[in-house]
Number of protein chains: 2
Amino acid sequence: MASDSEKTDAQRKRASDKAEQILQGATQVFLAQGYDRTSMDRVAKTAGVSKQTLYAYFSDKQALFEALVARMAKQRFQGAFADESLDGNPDAVLPPLIQQGLASLAQDTEYHDFIRIMIGESKRFPDLIQTFFSNVTLPTIETIRHYLESQPELDIPDAEATAHILLGALVFYMLTQEVMGGRDILPMSQDRLSASLIHLLGVSKSSSSEND
Amino acid sequence: MASDSEKTDAQRKRASDKAEQILQGATQVFLAQGYDRTSMDRVAKTAGVSKQTLYAYFSDKQALFEALVARMAKQRFQGAFADESLDGNPDAVLPPLIQQGLASLAQDTEYHDFIRIMIGESKRFPDLIQTFFSNVTLPTIETIRHYLESQPELDIPDAEATAHILLGALVFYMLTQEVMGGRDILPMSQDRLSASLIHLLGVSKSSSSEND
DNA sequence: GTCTATAACCGGATAGAC
DNA sequence: GTCTATCCGGTTATAGAC
């Protein structure tokens with residue numbers, strides 16, 4: 001009957017919605033509690049579905065977690081400051097890039113939770129780390145590297161290694177200050193860090209360039 | 001009398017030995033399995049004591065973990081490259097410092113496990129992070145900062161922020177390569193990283209003592 | 001008296017069934 | 001959506017052994 005086909009269409013459309021709905025609830029719970037302390041009961045309740053529905057979409061806890069990580073990684077892929085194609089002279093490009101990168105890393109508390117669980121479970125789920133690296137870290141490194149290579153005046157002999165250093169400084173800041181909560185015992189401001197990074201890269205804020 | 005005091009001494013001596021024995025076993029299990037997946041049963045078995053003895057020395061799982069972290073942090077405090085008082089000109093001091101720091105960070109697999117669990121559980125046990133920071137990270141930062149401040153020729157306007165950057169680059173390398181196992185997907189050698197760090201700091205490599 | 005060995009208690013979690 | 005089978009882990013209690 002008509003109601004039958006309508007129902008089928010509605011279900012098909014809702015199928016991906018249900019998966020999304022589950023993943024959103026799961027994300028909340030996993031990021032707040034960590035992998036082991038997250039129960040499927042609570043995921044089902046938070047997502048507003050029954051456990052049967054939950055297990056219909058995801059075969060077990062591990063599969064759910066894997067889908068969650070893949071989703072977060074893809075989300076980051078288009079959200080990070082990795083997609084902007086950079087050009088223009090360093091004096092104009094690097095300071096805002098560093099400041100905005102640092103600010104966005106420092107602000108995103110959901111990302112802090114994600115990083116915490118990624119590192120914490122990296123030994124147990126090595127494949128997930130590959131997903132994360134290839135979707136998030138590697139594109140970021142490549143973007144920075146490409147820009148550094150395009151600016152010979154920066155005099156950077158190894159752009160890839162320098163990209164690791166640059167990103168490393170930003171990530172370490174996020175880790176100590178936000179992910180691990182060391183603001184009080186290791187105080188450091190975003191401004192001081194970015195100013196020192198810019199200084200190390202040899203970017204002059206004025207027009208003079210003093211090279212030997 | 002004599003036997004009495006002897007017995008008391010022996011017991012007292014054995015008390016700390018037992019605690020040490022338990023902590024060593026606990027360290028093995030916690031670092032390999034993570035906090036939640038570590039069972040007190042297995043800790044007792046690994047340490048070679050009964051569960052009763054285990055609970056006689058440590059009131060519960062959390063207390064055991066706290067003692068373990070405090071012990072590891074103190075161990076690191078005297079083991080890190082933070083205790084050497086540095087001086088001498090940067091061309092001679094910085095390259096070996098960076099290379100050796102990087103090498104020791106990259107080699108110590110027990111430390112990688114420790115870092116993984118510290119970050120993973122940092123939200124649940126924020127006090128332990130303070131222990132770790134004040135015993136390990138802060139002294140390291142201070143040592144680097146003090147040296148950078150003592151060398152005006154490096155032209156570093158903010159030694160503390162620069163110490164964060166320097167340490168951050170090393171720690172990020174250890175995290176991506178070893179802790180999270182990204183060697184294959186984010187390949188980077190210690191030599192390239194340290195060379196680029198040295199280059200960024202503006203140290204001339206004229207004093208290279210290596211043969212290649 | 002302290003350590004060992006073992007078992008019991010209790011909550012909770014996965015997974016699946018009604 | 002509840003209910004249940006099954007299992008596992010933290011913790012405590014009961015044995016006996018040195």
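These figures come from a predicted structure and were not determined experimentally.
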Have A:Gln24 and A:Glu20 got a donor and an acceptor in their side chains that come within less than 3.5 Å? yes
B:Gln62 versus B:Glu66, side-chain donor and acceptor atoms under 3.5 Å: yes
In sequence, state the C-alpha distance, the side-chain angles, and the governing distance for B:Thr137 and B:Val171, and then conclude on side-chain contact (heavy atoms from CB on, under 4.5 Å). CA-CA 11 Å; B:Thr137 312; B:Val171 169; over 6 Å; no
Without swapping roles, check the side chain of [X] against the backbone of [Y] for a donor-acceptor pair under 3.5 Å.
| X | Y | value |
| --- | --- | --- |
| A:Gln33 | A:Thr38 | no |
| B:Gln151 | B:Gly88 | yes |
| B:Thr176 | B:Tyr173 | yes |

Parallel, tilted or perpendicular: which fits the ring planes of B:Phe114 and B:Phe132, with parallel below 30° and perpendicular above 60°? perpendicular
Do the ring planes of A:Tyr35 and A:Phe65 sit parallel (below 30°), tilted (30 to 60°) or perpendicular (above 60°)? perpendicular
Taking DNA chain D as the partner, which of residues 25-32 of chain B come within under 4.0 angstrom of it by heavy atom? none
Rounded (10°) bend between the five-pair end axes of the helix from C:dG1-D:dC18 to C:dC18-D:dG1: 20°
Report the C-alpha distance between A:Glu178 and A:Ile115 in whole Å, list the side-chain angles of each, state the deciding distance to 0.1 Å, and finish with yes or no for side-chain contact (heavy atoms from CB on, under 4.5 Å). CA-CA 11 Å; A:Glu178 310 297 336; A:Ile115 292 291; over 6 Å; no
Reading nucleotides 4-18 of chain C from 5' to 3' and marking B where a protein heavy atom lies under 4.0 Å of the base, S where only the sugar-phosphate is that close, and - otherwise, the string is BB-B-----SBBB-B
For B:Arg42, does the CZ atom have more than 12 heavy-atom neighbours from other residues, nucleotides or ligands under 6.0 Å away? no
